[in-house]
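Let me begin by presenting the structure, written as structure tokens, before commenting on it.
Numbers here are sequence positions counted from 1.
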Amino acid sequence: MREPILKAVAVPFRLFWAPAEVAGANMIVQFSLMLMWTGITGRSIMPFVVTIPLAHAVIVAWGSKEPHLSNMLMSWGRSGATSTKNIYHSKGTKFAP
């Protein structure tokens, strides 16, 4: 009973051997750029036939080195630099509300 739960936590969801969220974001960006390229220049989409698998291969290599890459990138985005304002006049940053 515990094995599927441990496996789901230990091995995050993958999309064609890459972390799913990162691969999905890559596909969205690549297809958006491809459509803009075709609409603006009117040229062929052949450069994107090369860059889409190349970028995915980089994500697969990066994801195999760090299996929880999606979670790391999501937590990095949430932990931006926050500024605090001191209520009491003093030197340095105090985390008083």
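- With sequence neighbours excluded, the residues that form a side-chain contact (heavy atoms from CB on, under 4.5 Å) with Thr51 are Gln30, Phe48.
- For CG of Leu33, the number of neighbouring non-hydrogen atoms (other residues, nucleotides, ligands) closer than 6.0 Å is greater than 12.
- The shortest heavy-atom contact between Met34 and Phe31 is CE-CD2, 3.1 Å.
- Not counting sequence neighbours, Leu35 has no partner by the side-chain contact (heavy atoms from CB on, under 4.5 Å) test.
- Across Pro47 and Ser44, no two heavy atoms sit closer than the pair CD-O, 3.6 Å.
- In terms of the side-chain contact (heavy atoms from CB on, under 4.5 Å) criterion, residue partners of Ala20 (sequence neighbours excluded) are, by chain and number, Phe13, Leu15.
- A single hydrophobic cluster is seen to contain both Val29 and Met36, as judged by linkage of ILVMFWY side chains at heavy-atom distances under 4.5 Å, directly or through other members.
- Partners of Thr41 under the side-chain contact (heavy atoms from CB on, under 4.5 Å) rule, at least two apart in sequence or in another chain, are Trp37, Arg43.
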Determine all donor-acceptor pairs shorter than 3.5 Å in which one atom belongs to a side chain in residues 53-65; sequence neighbours excluded.
| from | atom 1 | to | atom 2 | distance (Å) |
| --- | --- | --- | --- | --- |
| His56 | NE2 | Phe16 | O | 2.9 |
| Ser64 | OG | Val60 | O | 3.4 |
| Ser64 | OG | Ala61 | O | 2.8 |

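- Other residues sharing the hydrophobic cluster of Met46, ordered by chain and number and joined by side-chain separations under 4.5 Å: Val49.
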